[in-house]
2 protein chains.
Amino acid sequence: MYAHSVQSARTITPLAEIKDAGQEIDRLRLVGLTRGFARGREIFGEGEHADHVYSVISGAVRSFRVLSDGRRQVLDFYLPGDIFGIEPGPDHGVGAEAVNDVILLVARRSLAADDGDGAMTRRLLRLAVDDLRRSRDHVLTLGCRTACERVASFLNDLAVRLGNRRSLDLPMSRQDIADYLGLTIETVSRTFSLFQTAGLIRLHGRRSVELCRPGALTDLCI
Amino acid sequence: MYAHSVQSARTITPLAEIKDAGQEIDRLRLVGLTRGFARGREIFGEGEHADHVYSVISGAVRSFRVLSDGRRQVLDFYLPGDIFGIEPGPDHGVGAEAVNDVILLVARRSLAADDGDGAMTRRLLRLAVDDLRRSRDHVLTLGCRTACERVASFLNDLAVRLGNRRSLDLPMSRQDIADYLGLTIETVSRTFSLFQTAGLIRLHGRRSVELCRPGALTDLCI
DNA sequence: CGGGCGATTGAATTACATCAAATTTCGTGG
DNA sequence: CCACGAAATTTGATGTAATTCAATCGCCCG
């Protein structure tokens, strides 16, 4: 079904070789293994024991929860440099899957847990609290905003996180975006088309979005 | 407009006198002032400097964010025993107001910040991570669930938090509930009426809800 | 170059919002 | 204790944004 070539590639990776993984990693001492996951592969499941912490080196990851009848809510996307997998209790409260082929830096949670002086706990606190801020933004979007505003703020956020380029390469499918924004795939698609008609964006293929008037998009976010 | 009698009541309160404030308080060393806020009063504003941490002794508090055009999202309700006001950065990312007349235990953030051995940081981490779990639940509700499911899970949550009584006393107005659930006041009201017609609840006045078939409500949450 | 999956587009439907009363609640003052 | 009146809530009628159902299109990979 999926290409499995990346799966199970394990190597000890000197930290210096990893450029994209962001500043926080070395402070979290996420030295250890890099591991690849092919598109669609589960990284960890909801309810699974949480004994690793991950940092995205390349590719993208989605975290999500599902209701018993199959409805899925994507909670967050993690991009190169982002850290994820930190959990309150012993178990993961969310699932995580590879959006496309990804390479992750993996560290045992226990290794990152304590270094005696509490500095590690403070870093974990900062990460948790960042997640909390992002989650609150998400609640605001889902509770208050229209479909147009949701899609605009999604593109805006992604542009910022990917470095404010004029051209975005969306790692995720329309279905992923829809499940993140609490919309249907059709509504997301229609909104993209609407934005294109209005001259705000240009779509090139499935994955590439050119932001023609980033300011106008930002204005739409209210 | 509002009764102001509770406002500005300040006293040094020995910890032993406070029964309702939950287990975590003494560990957070939130010894200090109790302070009353009348219904509707601001406790802190979005963007304000965050130099206190609060624990609810009696009454209820709502945290919220507002969009520039006035749309409001209630992010959380804090009930007796809950702690709130802990923030990532130096400033509050949300506002907080008294839902009804409340009495809070207030501590300087700096006093709770460090006790040398990192134990305090670990407690803050746990609190942040609890907030994160609740926020994720909220995202799931707003992104996936119908109006009926939202109201049912709201009542369910509140019942659990207030101690699984058969009769709930809602501290908040229909507008607060609507803004929490991403619905309108009319939809919340209609859904309450629907539940009453279906024999799931009975409404007594504005604030009292009797849960006739708690199991059926739980089932509705999916 | 062809097949298949993801994306787009169109038409019909619906859940919820909006607009507009009617009704109830509850604090206040007589 | 009861009546009044403002505010909150409920109910009704209508509108609409987003969903659902149903084709069709067009990337992209073999």
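Just so it is clear, the structure is predicted and the values come from calculations on it, not from any experiment. Within every chain, numbering begins at 1; the chains are lettered A, B, ... in the order of the sequence lines, protein sequences first and strands thereafter.
Put simply, CG on B:Leu203 is 6 Å from P on D:dT10, counting in whole angstrom units. Taking atom CZ of residue A:Phe192 and atom C1' of nucleotide C:dT8, one finds them 12 Å apart after rounding to whole Å. Distance, A:Asn100 CG to D:dC28 C1': 16 Å, rounded to whole Å. Taking atom CG on A:Asp179 and atom C1' on D:dA18, their separation rounds to 15 Å, with Å as the unit. If you take CZ of A:Arg150 and P of D:dA17, they are 14 Å apart, rounded to a whole angstrom. Between A:Ile185 atom CD1 and D:dT24 atom C1' there is a gap of 15 Å when expressed in whole angstrom units. Rounded to whole Å, atom C1' of C:dG10 lies 15 Å from atom CG of A:Leu194. Atoms CZ (A:Arg71) and P (D:dA18) sit 19 Å apart, rounded to a whole Å.
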Taking only N/O atoms, report every protein-nucleotides 22-25 of chain C pair under 3.5 Å with atom names and distance.
from: C:dT25; atom 1: O2; to: B:Arg206; atom 2: NH2; distance (Å): 2.8

Give me the distances for all protein-to-nucleotides 19-21 of chain D N/O pairs that come in under 3.5 Å?
from: D:dT19; atom 1: OP1; to: A:Thr184; atom 2: N; distance (Å): 3.3
from: D:dT19; atom 1: OP2; to: A:Thr184; atom 2: N; distance (Å): 3.4
from: D:dT19; atom 1: OP2; to: A:Thr184; atom 2: OG1; distance (Å): 3.1
from: D:dT19; atom 1: OP2; to: A:Thr187; atom 2: OG1; distance (Å): 2.2
from: D:dT20; atom 1: O4; to: A:Arg190; atom 2: NH2; distance (Å): 2.7
from: D:dC21; atom 1: N4; to: A:Glu186; atom 2: OE2; distance (Å): 3.1

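Contact of the A:Arg165 side chain with the A:Leu211 side chain is not registered, since no non-hydrogen atoms from C-beta on lie closer than 4.5 Å. Within the 4.5 Å cutoff, the side chain of B:Leu67 has heavy atoms near those of the A:Arg145 side chain. Within the 4.5 Å cutoff, side-chain heavy atoms of A:Ile177 are placed close to those of A:Phe192. A 4.5 Å side-chain heavy-atom check between A:Leu220 and A:Leu200 finds at least one atom pair inside the cut-off.
Checked by atom type and distance alone, the side chain of B:Asn100 pairs as donor or acceptor with a backbone atom of B:Ala60 at under 3.5 Å. Without hydrogens or angle criteria, B:Arg166 side chain to B:Cys212 main chain gives a donor-acceptor distance under 3.5 Å.
Under the side-chain contact (heavy atoms from CB on, under 4.5 Å) test applied with A:Val61, the options A:Val56, A:Asp76, A:Leu79 reduce to a single match, A:Val56.
Contacts between residues 167-177 of chain B and DNA chain C, counted as heavy-atom distances below 4.0 Å, involve no residue at all. Only B:Thr146, B:Ala147, listed by number, bring a heavy atom of residues 138-147 of chain B to less than 4.0 angstrom from any atom of DNA chain C.
Applying the side-chain contact (heavy atoms from CB on, under 4.5 Å) criterion to B:Asp169, with sequence neighbours excluded, gives B:Arg207, B:Ser208. Listed by chain and number, the residues in a ring-ring contact (aromatic ring centres under 6.0 Å, His included) with A:Phe77 are A:Tyr180 (sequence neighbours excluded). Residues satisfying the side-chain contact (heavy atoms from CB on, under 4.5 Å) test with A:Glu97, not counting sequence neighbours, are A:Arg62, A:Phe64, A:Arg72. Under the side-chain contact (heavy atoms from CB on, under 4.5 Å) criterion, B:Ser193 pairs with no residue, sequence neighbours left out. Applying the ring-ring contact (aromatic ring centres under 6.0 Å, His included) criterion to A:Phe44, with sequence neighbours excluded, gives A:Tyr54, A:His92. Remark: B:Asp137 engages A:Arg65, B:Arg133 in a side-chain contact (heavy atoms from CB on, under 4.5 Å) (not counting sequence neighbours).
Smallest separation of non-hydrogen atoms from A:Leu104 and A:Ile57: C-CD1, 4.0 Å.
Among the protein residues, B:Ser193 comes within range of the sugar-phosphate backbone only, with heavy atoms under 4.0 Å from sugar or phosphate atoms but none that close to a base.
Rounding to the nearest 0.5 angstrom, the gap separating the CG atom in A:Leu155 from the CG atom in A:Leu170 is 7.0 Å.
Taking five base pairs at each end of the helix from C:dC1-D:dG30 to C:dG30-D:dC1 and finding the rotation axis that steps the C1' atoms of four pairs onto the next four gives two axes whose angle is 50°, to the nearest 10°.
The side-chain hydrogen bond (donor to acceptor under 3.5 Å, both in side chains) contacts involving residues 209-218 of chain A comprise A:Asn156-A:Thr218, A:His204-A:Glu210, where partners must be two or more places apart or lie in separate chains.
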